[in-house]
Each structure stands twice: as structure tokens, then as C-alpha cells.
Amino acid sequence: MTIYFHNTLSKMKEEFVPINSNEVRMYTCGPTVYDFAHIGNYRAYLFEDLLRRVLQYNGYKVTQVMNLTDVDDKTIKGSQELGIPLDDFTRKFKDEFFKDLDTLRIQRAEYYPEATKHIPQMVDLVKRLIENEHAYLGEDNCYYYRVSSFEDYGKLSGKKINELICGIRVRSDDYSKDEARDFALWKSWAEEDGPVFWETDLGKGRPGWHIECSAMSTHYLGNHFDIHTGGEDNIFPHHENEIAQSEGATGEKFVNYWLHCAHLIVNGEKMSKSLGNFYTLRDLLEKGYDPVFIRLLLLSTYYRQQLNFSFEGLEATKESLNRLYDFIEWLKRVKEGEITEAVNSLVNESRRKFKESLNNDLNISPAIASIYELIKNVYSLNKEKAVTSSDAEALLNFVHEVNTILDILPEDKGDLEPELMQLITEREDARVNKDWNRADRIRDELAEKGIILEDTPDGTIWKKRG
RNA sequence: GGCGGCGUAGCCAAGUGGUAAGGCAGCGGUCUGCAAAACCGUUAUUCACCGGUUCAAAUCCGGUCGCCGCCUCCA
């Protein structure tokens with residue numbers, strides 16, 4: 001089945017054709033490790049997780065690289081404020097980042113290169129740019145990229161190169177360069193950098209931000225690879241500059257497909273600390289939300305659409321997932337019978353719609369809807385007790401297939417404590433004796449502990465609800 | 001100012017020319033000792049507003065209003 005992606009470069013939806021037939025190489029812009037990542041960051045990483053899984057679902061072998069920016073103004077500043085070495089400062093946030101990835105069930109990329117471990121590759125790239133006359137040494141001993149030397153500059157963001165010179169917001173910064181629009185490739189050491197510097201052929205200093213992604217992506221994926229992603233704020237200048245650097249150095253096309261995800265906002269406003277609507281993952285976990293609800297909420301809006309985060313939305317996601325979980329538990333209780341044509345065709349229809357939607361530029365809303373349509377249709381069919389155990393097995397298989405992409409099934413929460421099991425038994429006795437008051441009291445008591453009881457024709461079942 | 005996106009029920013959100021998916025919430029009913037779960041019915045004659053094109057528009061075109069993003073280091 002064909003996959004389509006919206007390519008920022010062409011501003012159009014295009015058929016996806018990988019460079020090599022069975023494998024996809026992609027670079028996904030990762031975090032700057034100066035603080036805990038917030039849920040807006042994770043929206044981007046979840047979009048990339050979805051992209052990765054959809055490619056795998058289509059049979060591609062995926063090689064993904066995600067960088068960790070562990071040297072820049074903010075990380076240096078942060079380490080100085082705490083009076084600790086840069087590595088110690090960034091280590092903590094790297095560790096927390098990986099913990100969060102696991103919490104959100106984000107699949108690991110193949111490589112997580114750190115900027116500080118790839119200085120030679122960056123230096124080498126800058127030297128090639130100097131040779132190609134795309135880079136120059138400024139009066140301040142910093143190396144800059146001469147934007148005017150790259151004819152295609154602006155092709156990703158749609159910016160007119162000449163308008164960049166005199167834009168209102170463009171200010172000349174502390175560095176001396178030929179033109180305001182030129183950007184730093186290598187920053188020479190300054191006193192405020194303290195112990196953070198590398199002695200290289202470019203002098204004593206540290207890399208500019210954009211150069212790390214050009215250097216590390218080509219190092220791991222080659223000069224020309226399939227997909228590059230990030231948040232939409234990266235389009236300009238970061239990704240525009242990456243193209244200028246990479247193509248300026250190699251003379252080859254850098255990336256075929258650029259995918260960018262829209263921002264997350266909170267209650268209709270931009271998330272910011274001053275508005276008090278700024279959330280990290282741990283903020284939400286502290287409020288008692290199961291991370292899988294957060295995963296699905298951040299995943300369930302089409303990536304090119306701004307996502308409005310709200311606790312109301314989180315509650316809605318939780319309830320809808322509970323419907324799926326109840327469906328699964330119900331399937332497990334269906335007893336016997338051969339597979340029926342009715343269920344078989346419902347599953348096939350749902351699978352078709354699921355995959356077709358995801359292959360259409362990761363359009364996840366109809367994909368999720370296809371699952372709920374299936375649930376509704378199957379329950380409806382069961383009005384005449386028409387659903388068999390073989391049907392249930394087929395449905396469970398499909399749910400697990402879907403789960404290879406969505407990854408939203410509950411963790412096994414284990415058995416109940418013996419004393420709680422005892423309470424359930426006591427309630428059964430009370431019910432047999434028609435002691436409804438006592439039975440209801442026990443049910444309420446368990447409910448307060450998050451244990452929900454349901455009396456079915458086959459006996460009482462319990463479930464834990466988060 | 002430049003570029004881009006969006007405005008569909010109480011909320012979230014599909015649908016881009018053929019007569020409004022799905023989820024949450026609500027209401028009525030069936031089932032149940034009562035619940036829960038589930039099912040059935042119901043909840044937008046209408047898609048920000050105004051014009052236009054068309055046999056036919058939420059979907060295309062023009063205009064108006066509102067919201068949001070980017071415009072040098074923020075995913």
C-alpha cells in the first residue's frame with residue numbers, strides 16, 4: 001500500500017518512495033538537555049514514534065537518529081548556575097529524557113548521538129564549507145555561514161533571502177559577521193564559556209547549534225537520506241540552515257522528505273511558564289494520570305494540526321480507552337464457536353481503514369475511529385449472541401496488531417490482594433442471601449480503592465481503574 | 001509588515017464537490033436486586049459570517065470577522 005507524506009519542501013502531499021527499497025533512514029531533531037522536556041516536546045517525539053511504527057508496519061526497516069544537544073548557551077548557563085561540569089549537568093536531563101521515553105512507550109531510535117561526542121565531525125564539515133567558500137572567519141574568530149553563497153537558501157521555509165537582511169526582528173547580535181542573516185558555525189571561546197571549549201583546527205571554541213545536526217545526520221545516515229523531522233518552529237532557521245550546510249558541503253541533495261509537527265497549546269494559549277500552563281510529563285503523572293492516557297491524547301490529533309491540551313481532553317481519552325479495555329476483557333470471556341463471516345469482514349474493513357488512514361500522511365483520527373466502529377459493530381452483532389470464541393480470537397489478534405502502532409494496551413496490573421478477593425467472596429455470599437445493603441457496601445468500599453465490580457451472567461468480575 | 005495554519009454539536013475531532021465518521025459528556029429506553037458494562041433511540045436540516053460558481057459546496061472562488069504559529073538558536 002502506498003504511503004503519502006506532506007513534504008514541507010514541496011508544501012504538498014507526496015507519495016513516499018525510499019532511496020533504498022526496503023529501508024528508511026530518518027533523522028529526528030531531539031532535545032536540548034538543559035531541563036525536563038515538556039509535553040509539547042513529547043508531542044513531537046510521539047509523532048516521530050508514530051512515523052517510525054507506521055513505516056515498520058509497512059514492512060520497512062527503519063534507521064532513526066535522534067540527536068541530544070548537550071552543548072549550547074542554555075546548557076552552559078545551567079551548569080554554571082549549579083557550579084557543576086557541563087557533562088554532569090546534562091547527564092541528569094539525558095537520563096530523565098530516556099525515562100520519559102519509556103514511560104510514554106516511545107520506541108528507541110537506533111542512535112542517540114550527543115553533540116559533545118561529535119566535535120571532529122562538525123569541525124570537518126566546517127572545513128569543507130570553508131573550502132567551498134560557504135564559510136568565513138569573522139572578526140571575532142567565529143566561523144560563519146555566508147547565506148548569500150547558497151543559492152537555494154529559503155527553499156524549505158519559503159523565505160525570500162533578500163528580505164531576511166532588513167526584517168524588523170533581525171538584529172545584529174554580539175558577534176561580528178558580514179551580514180546579519182549569516183549564522184554561526186563555530187563560536188570561538190569567550191570567557192563566559194568557562195571550561196567549555198574544544199581545541200580544534202578551527203581554534204578554541206564550541207560548535208554552533210545548526211552544525212551538529214548536519215554533521216551527525218550525515219555521519220550516521222549518509223549525505224542523502226529519506227526523512228527529516230522536527231517541530232514546525234525548526235523549519236526556520238534550523239532546518240533551513242541544515243540544508244545550506246549539508247548541501248553546501250556535499251553538493252548532494254540532503255533530505256527527500258521534511259515532516260514537521262504543529263505545536264501543542266494549552267486551553268487555547270501557548271504553553272508558557274508565566275501563564276502557569278506549562279506541563280512536564282512528571283507534572284501530569286503527579287496528578288495521577290496513567291501515562292498511556294497521555295500517550296494517546298498526544299498521539300490522537302493529526303500531527304500537522306495544532307493540538308489543544310486540556311484536562312477535559314485527558315479525561316475523555318481515559319474514558320475512551322476504558323471502552324477499548326472493557327471490549328478486550330469481554331472478548332476474553334466469549335466461550336465457543338467457529339469464526340463467522342460477519343466478524344471476519346468487519347475486521348478486514350477495519351484493518352483496511354486503519355492502515356489506509358495512517359498511510360495517508362499519518363492521519364490518525366480516522367484510524368482510531370475505525371477501531372471504535374469495529375467495537376460498536378461487534379457489540380451490536382452480539383445482541384443475537386452471534387459472536388463466537390473464534391471471532392473473539394480474531395478480534396483480539398487485530399487489537400494486538402493495532403497495538404503495534406498505537407501501543408495503548410494496559411499493563412498487567414496483577415492479581416488482587418487476598419483480603420480484597422475475600423471481600424468479593426463475602427459480597428457473593430451476601431448477594432446469594434439477598435443482603436443487598438451489605439453487598440452494595442462492599443462494592444462501594446472496593447470502588448474507593450479503584451476496584452470496579454460488575455455482575456455478569458457468568459459471575460462477578462473486577463477491574464482496576466486508574 | 002512578510003509567510004503559513006485554523007474556525008464542523010457542550011468538549012475533542014474526521015470528512016476537501018454528492019447530501020455531516022468516531023470519542024467524551026447529556027437525555028430517554030432495554031438489561032440488572034440496584035448498579036456497572038453493553039445495546040437501542042436521541043443530541044449539528046447544518047459546517048465562523050456574507051456573496052459567487054455548480055444540477056449539487058462544510059468542501060471550489062471572492063470578501064469580512066475571529067483565533068493561532070513562524071519571521072536567528074523554542075519540538
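As a basis for the values below, the full set of heavy atoms in this structure was taken, side chains included, without hydrogen atoms, waters or symmetry mates. In the text below, chain A, chain B and the rest are named by the order of the sequence lines, each starting its count at 1.
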May I have the distance from A/Asn234 (atom CG) to B/C71 (atom P), rounded to whole angstrom?
10 Å
Aromatic ring of A/Trp436 stacked on base six-ring of B/G33, 5.5 Å, 30°:
yes
It should be established whether A/Ser380 places a side-chain nitrogen or oxygen under 4.0 Å from OP1 or OP2 of nucleotide B/C40.
yes
What contact category does A/Leu264 fall into here, base, sugar-phosphate, or nothing, at under 4.0 angstrom with non-hydrogen atoms?
base
So, does the side chain of A/Asp440 form a donor-acceptor pair with the base of B/G33 at under 3.5 Å?
yes
Looking at B/A36, does its base get a donor-acceptor pair with the side chain of A/Arg443 below 3.5 Å?
no
Between the base of B/C34 and the side chain of A/Asp455, is there any donor-acceptor pair under 3.5 Å?
yes
Please report the distance separating the C1' of B/U46 from the corresponding atom of B/A58, rounded so that it comes out in whole Å.
9 Å
Rounding to an integer number of angstrom, what distance separates B/G23 and B/G41 when you compare their P atoms?
13 Å
Contact class for A/Asp326 (heavy atom, under 4.0 Å): base, sugar-phosphate, or nothing?
sugar-phosphate
Classify the side-chain pair A/His238/A/Glu242 by whether it contains a donor and acceptor separated by less than 3.5 Å.
yes
Could you check which of B/G2, B/A14, B/G22 has an atom nearest any side-chain atom of A/Lys159?
B/G2
Expressed in angstrom and rounded to an integer, what is the separation of A/Glu445 atom CD from B/A36 atom P?
20 Å
Value in whole Å for how far the C1' atom of B/C11 lies from CD of A/Glu312:
4 Å
Decide, yes or no, whether a salt bridge links A/Asp440 with A/Arg443 under the criterion of side-chain N to carboxylate O below 4.0 Å.
yes
Return the value, rounded to whole Å, for the distance between atom OH of A/Tyr303 and atom P of B/C6.
13 Å
A/Glu319 CD to B/G23 P, straight-line distance once rounded to whole Å:
13 Å
Sugar-phosphate, base or nothing in reach of A/Tyr45, heavy atoms under 4.0 Å
sugar-phosphate
Proximity to the side chain of A/Gln306 - top-ranked nucleotide from B/C73, B/C68, B/C70
B/C68
Would you call A/Lys77-A/Glu192 a salt bridge at under 4.0 Å N-O?
no
Whole angstrom value for the distance that separates C1' of B/A36 from CZ of A/Arg431:
11 Å
Count the heavy atoms of every other residue, nucleotide or ligand shown that sit under 6.0 Å from NZ of A/Lys434, and state whether that count exceeds 12.
no
Describe the nucleic acid contact of A/Gly230 in one word from base, sugar-phosphate, nothing, applying a heavy-atom distance below 4.0 Å.
sugar-phosphate
A/Arg52/A/Glu110 ion pair, N-O < 4.0 Å:
yes
Have a look at A/Arg427 and say if it touches a base, only the backbone sugar-phosphate, or nothing, with a 4.0 Å heavy-atom cut-off.
base
Using the P atom on both, measure B/A37 against B/C47 and round to a whole Å.
35 Å
Touch check for A/Leu453, heavy atoms < 4.0 angstrom, all strands: base, sugar-phosphate only, or nothing?
base
Would you say A/Arg323 reaches B/C39's phosphate, i.e. side-chain N/O to OP1/OP2 under 4.0 Å?
yes
Is there a side-chain contact between A/Asn322 and the phosphate of B/A36, meaning an N or O under 4.0 Å from OP1 or OP2?
no
Measure from the side-chain heavy atoms of A/Glu454 and tell me the nearest of B/C40, B/A35, B/A14.
B/A35
Among side-chain atoms of A/Asp70 and A/Tyr34, is any donor-acceptor pair under 3.5 angstrom?
no
Determine the Euclidean distance between corresponding C1' atoms of B/A20 and B/C61; express it in Å to zero decimal places.
23 Å
Using a heavy-atom cut-off of under 4.0 Å over every strand shown, decide if A/Tyr42 touches base, sugar-phosphate, or nothing.
nothing
Counting neighbours of OH on A/Tyr111 that are heavy atoms of other residues, nucleotides or ligands and sit closer than 6.0 Å, is the number greater than 12?
no
Establish, with yes or no, whether the OP1 or OP2 oxygen of B/G5 is under 4.0 angstrom from a side-chain nitrogen or oxygen of A/Lys11.
no
Whole-Å distance separating the CD atom of A/Glu212 from the C1' atom of B/A75
14 Å
Who pairs with B/C3 - Watson-Crick or G-U, where each distance is under 3.5 Å:
B/G69
Can you tell which of B/A14, B/A37, B/C74 lies closest to the side chain of A/Asn41?
B/C74
Considering only NZ, NE, NH1 and NH2 on the basic side and carboxylate oxygens on the acidic side, decide whether A/Arg108 and A/Asp102 come within less than 4.0 Å.
yes
Could you state the NE2-P distance from A/His238 to B/C74, rounded to the nearest angstrom?
10 Å
So what does A/His260 touch, heavy atoms closer than 4.0 Å: a base, only the sugar-phosphate, or nothing?
nothing
Could you tell me whether A/His263 contacts a base, only the sugar-phosphate backbone, or nothing, with contacts defined as non-hydrogen atoms closer than 4.0 Å?
base
